[in-house]
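Protein chains get the first letters and strands the later ones, always in sequence-line order, with residue 1 at the start of each. Reckoned from all heavy atoms, side chains included, excluding hydrogens, waters and symmetry mates.
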Number of protein chains: 2
Amino acid sequence: MSSKRSRSRATGRVTLADVAQAANVSPITVSRALRGERAVDPELVARVQAAVQRLGYVPDPAARALASRHGTQVALLVPLLSNALFVDLVEAAQRTLTRAGYQTLIGVTHYDPAEEEQILRGQLLHRPAGMLVTGFDRSDTTRALIAGSGVPCVHVMETTVAEGVYSVGLSQEQASMAMTRHLLERGRRRIAFAAAQLDPRTLQRLEGWRKVMRAQGLYAPTLEWLNPAPSSIGLGGVLFEQIIGQTPPVDAIFFCNDDLAQGALLAALRLGVRVPERVAVAGFNDLTGSDQMLPPLTTIRTPRAEMGAAAAEMLVNLMRGAPVGQASIDVGFELVVRGST
Amino acid sequence: MSSKRSRSRATGRVTLADVAQAANVSPITVSRALRGERAVDPELVARVQAAVQRLGYVPDPAARALASRHGTQVALLVPLLSNALFVDLVEAAQRTLTRAGYQTLIGVTHYDPAEEEQILRGQLLHRPAGMLVTGFDRSDTTRALIAGSGVPCVHVMETTVAEGVYSVGLSQEQASMAMTRHLLERGRRRIAFAAAQLDPRTLQRLEGWRKVMRAQGLYAPTLEWLNPAPSSIGLGGVLFEQIIGQTPPVDAIFFCNDDLAQGALLAALRLGVRVPERVAVAGFNDLTGSDQMLPPLTTIRTPRAEMGAAAAEMLVNLMRGAPVGQASIDVGFELVVRGST
DNA sequence: CTGAAAGCGCTTACAG
DNA sequence: CTGAAAGCGCTTACAG
């Protein structure tokens with residue numbers, strides 16, 4: 001097709017040089033016209049765009065990444081994909097980023113700081129244009145890696161007001177306090193808190209529960225059931241069996257995540273323990289299926305899709321050097337009262 | 001640090017040239033020694049590797065992608081991330097690929113051929129070293145895009161014996177036939193087949209059920225309950241309510257996916273319909289929670305992790321030009337009989 | 001507002 | 001088995 005290449009490493013793809021030639025301008029003008037960097041004569045821009053259309057030119061991300069400081073990929077770091085919570089987050093962020101012309105590099109850390117660091121190093125090699133990470137809990141090395149990279153970064157799930165830190169999330173502690181208060185309002189007194197995984201956000205929920213319970217003089221260490229194993233429906237059932245056998249009996253169980261609570265409700269059915277009469281059961285996150293349980297599960301709805309979209313939008317502005325409203329967005333939460341409490 | 005750069009676009013990173021200088025060989029020798037391409041004098045290889053260690057050299061994927069035909073990223077195409085099935089697949093594939101030195105580019109197609117095509121175009125721009133796609137059902141354009149790209153491709157979930165096509169999967173039809181026969185052996189006669197989403201693999205399961213039912217002279221169109229809406233626990237409940245009201249009554253319902261079956265079991269509890277006495281309920285895929293249901297769900301266990309790992313391994317061999325045993329691997333399935341049938 | 005030159009950090013293709 | 005040259009397709013930094 002093109003004939004101006006000497007040997008034959010030509011890839012056959014239409015290049016910026018081809019567009020420049022067709023539009024009768026220099027390559028650098030094409031580059032600037034396309035990126036909207038610096039002002040370019042509107043007439044030249046029009047000519048360039050016409051040539052781009054005609055030739056079907058698509059910029060080469062590898063070349064762009066090599067020549068400039070960053071490419072068009074955005075690194076996403078989440079703990080797990082097996083938790084619907086993060087899938088919703090990822091899908092929403094991906095949608096927004098794709099529309100803005102960015103590709104997504106998804107890294108799954110499995111709540112492991114060492115793995116997170118390794119993944120991040122790999123992603124950084126690709127010179128991402130930006131990154132979206134979950135929460136604030138990570139190794140000092142990873143933190144330094146992020147800061148030192150100069151790559152714009154937005155934190156999701158939690159918020160902070162620290163200088164130069166961007167975040168979109170909600171107060172896990174406030175949400176947990178709201179749920180605990182709800183249980184108190186329902187007349188419950190011996191409210192157990194059951195958790196798995198014990199990641200930072202789970203511990204923030206624990207703290208919220210503790211605060212409210214202490215303020216009421218109802219706190220007791222024996223009401224805390226903390227299990228570092230991964231959260232699952234099965235584990236919820238196991239925890240329920242343990243807790244329900246406790247004396248003096250608890251009259252409510254607040255699970256740190258819906259999957260545990262769902263498992264508990266199923267175990268209750270199996271064991272013939274009446275919910276909420278004998279014991280109230282509450283969850284967190286409003287995951288798929290919680291509204292279908294028997295009885296339907298009372299929980300905290302966390303706006304994952306909204307969070308993912310808002311964080312991605314904030315990041316796009318950062319990457320483009322556009323103004324970024326507030327650096328910290330609290331998307332809030334909603335107490336969803338159903339039959340289980 | 002290094003001082004041989006003229007202007008100042010130096011990125012500060014250690015380059016292949018730095019390694020070459022330190023090892024006292026030419027850059028191209030370093031390149032070859034590192035990639036294991038062509039034979040290189042063992043002594044030089046050792047010197048190069050020592051220099052790499054000492055300087056902490058890490059190859060730049062962008063430069064590599066630009067200079068060669070492909071980079072170190074692998075494109076992954078899945079329909080959904082909100083189905084645990086695909087998450088298991090992705091996680092397993094990602095683990096194997098990461099270990100082999102490849103990064104993963106995950107694309108979510110939402111079962112939309114147009115979206116799949118668009119995502120693939122975007123991924124191809126990054127010159128992936130390989131790609132992993134779900135099944136065989138896609139637009140002709142997408143198919144041509146894959147073939148024309150020359151990028152090694154492995155298909156997951158289904159298998160085929162077509163020339164030059166690589167696949168790792170299982171026979172959806174065989175699995176479906178096995179489940180239908182199991183229900184027959186349990187003495188069931190009016191076995192309904194209920195499905196959502198209606199993607200290709202679901203239709204293959206439908207076909208398996210049809211074959212067995214027809215062979216027994218038990219087939220009736222009114223036993224088919226096909227709903228194009230996305231599969232979900234909630235929809236399973238809705239379908240169950242519809243089907244259970246049918247006359248003459250069905251004595252078994254085979255759901256094409258576990259989430260539907262789980263919803264059905266919850267609906268049965270809600271409605272007071274006894275399972276399996278009044279009606280048997282079966283699912284497919286053995287998803288999280290199915291063993292916790294009341295009664296526990298009989299289903300088909302599909303080895304997702306194994307599939308993802310095997311497909312990734314096959315792809316790694318293809319990318320490296322290494323021998324690839326068989327081009328089509330059938331990972332099989334397992335009938336898991338629990339209380340619901 | 002526009003451009004010629006140099007360079008990003010690798011690998012290909014050709015020689016020897 | 002090893003290397004000098006050229007090039008992959010863009011953008012930076014410097015001029016004007």
Side-chain angles (χ1 to χ4, degrees), chain A residues 2 4-48 52 55 57-73 124-127 129, chain B residues 2 4-48 52 55 57-73 124-127 129:
Chain A
S2 161
K4 60 188 214 302
R5 293 191 190 77
S6 49
R7 299 297 180 74
S8 79
R9 280 180 67 190
T11 52
R13 76 197 299 164
V14 177
T15 70
L16 189 144
D18 296 331
V19 175
Q21 194 178 300
N24 219 302
V25 296
S26 73
I28 185 61
T29 297
V30 175
S31 173
R32 288 204 272 249
L34 258 34
R35 282 176 301 144
E37 182 234 35
R38 283 211 252 182
V40 175
D41 187 324
E43 203 215 302
L44 293 191
V45 173
R47 251 157 60 196
V48 167
V52 165
L55 302 179
Y57 169 68
V58 188
D60 183 327
R64 176 174 285 179
L66 182 57
S68 70
R69 229 176 291 279
H70 6 260
T72 59
Q73 296 186 327
L124 247 23
L125 288 177
H126 288 274
R127 315 189 194 203
Chain B
S2 160
K4 61 188 214 301
R5 295 192 188 75
S6 49
R7 298 297 178 74
S8 80
R9 280 180 67 190
T11 52
R13 77 200 295 165
V14 177
T15 70
L16 189 145
D18 296 330
V19 175
Q21 193 178 299
N24 220 303
V25 294
S26 73
I28 185 62
T29 297
V30 176
S31 173
R32 288 203 273 250
L34 258 34
R35 281 175 304 145
E37 183 232 33
R38 283 210 252 182
V40 175
D41 186 324
E43 203 216 301
L44 292 192
V45 172
R47 248 155 64 196
V48 166
V52 165
L55 302 180
Y57 169 69
V58 188
D60 183 328
R64 177 173 283 180
L66 182 57
S68 70
R69 230 178 290 281
H70 4 261
T72 60
Q73 296 186 327
L124 248 21
L125 289 176
H126 288 274
R127 314 189 197 204

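Atom CD in A/Gln21 sits roughly 15 Å away from atom C1' in D/dG9 (whole-Å rounding). One interatomic measurement links the two molecules: CG of B/Leu44 to P of D/dG3, which rounds to 7 Å at whole-angstrom precision. Whole-Å rounding puts the B/Leu66 CG to C/dG7 C1' distance at 12 Å. Rounded to a whole Å, the CG atom of B/Asp60 is 13 Å from the C1' atom of D/dC8. Taking atom CG on B/Leu55 and atom P on C/dG9, their separation rounds to 14 Å, with Å as the unit. Taking atom CG of residue B/Leu34 and atom P of nucleotide C/dG9, one finds them 16 Å apart after rounding to whole Å. Separating the CD1 atom of B/Ile28 from the C1' atom of D/dG7 is a distance of 12 Å, rounded to the nearest angstrom.
Taking a cutoff of 4.0 Å between a charged side-chain nitrogen and a carboxylate oxygen, A/Arg13 and A/Asp18 do not qualify as a salt bridge.
Scanning for side chain to side chain contact (heavy atoms under 4.5 Å, CB included) contacts around A/Val45 gives A/Ala33, A/Val40, A/Gln49, with sequence neighbours left out. For the side chain to side chain donor-acceptor pair (under 3.5 Å) test, no residue two or more places apart in sequence or in another chain qualifies with B/Arg32.
Side-chain proximity of A/Asp41 to C/dC1, D/dT12, C/dT11: nearest is C/dC1. In the set C/dC10, D/dG3, D/dC10, the nucleotide with an atom closest to the side chain of A/Arg64 is D/dC10. In the set D/dC10, C/dG3, C/dT11, the nucleotide with an atom closest to the side chain of B/Ala67 is C/dT11. Here D/dC10 is the nucleotide among C/dT2, D/dC10, C/dC10 with the atom lying nearest to any side-chain atom of A/Thr15. Out of C/dT2, D/dC10, D/dG3, the shortest distance to the side chain of A/Leu16 is found at D/dC10. When the nucleotides C/dT2, D/dT11, D/dG9 are ranked by their closest atom to the side chain of A/Ser31, D/dT11 comes out on top.
Side chains of A/Val58 and A/Val14 form no contact here, defined as non-hydrogen atoms less than 4.5 Å apart. Residues A/His126 and B/Gln73 form a side-chain contact, since some pair of their non-hydrogen atoms from C-beta on lies under 4.5 Å apart. With a 4.5 Å cut-off on side-chain heavy atoms, B/Leu16 and B/Pro59 do not count as touching.
The CG atom of B/Leu34 sits 11.0 Å away from the OG1 atom of B/Thr29 when rounded to the nearest 0.5 Å.
At the phosphate of D/dT12, OP1 or OP2 sits under 4.0 Å from a side-chain N or O atom of A/Arg35.
The residue among A/Ser26 and A/Arg127 whose nearest nucleotide of DNA chain C is located toward the 5' end is A/Ser26.
Residue B/Pro59 is classed as a sugar-phosphate contact, given heavy-atom separations below 4.0 Å to backbone atoms only. Among the protein residues, B/Arg32 comes within range of the nucleic acid bases, having at least one heavy atom under 4.0 Å from a base atom.
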Legend entry - Pairing pattern in dot-bracket form [Watson-Crick, G-U; both distances under 3.5 Å; | = partner strand] for DNA chain D: |||.||||||||.|||

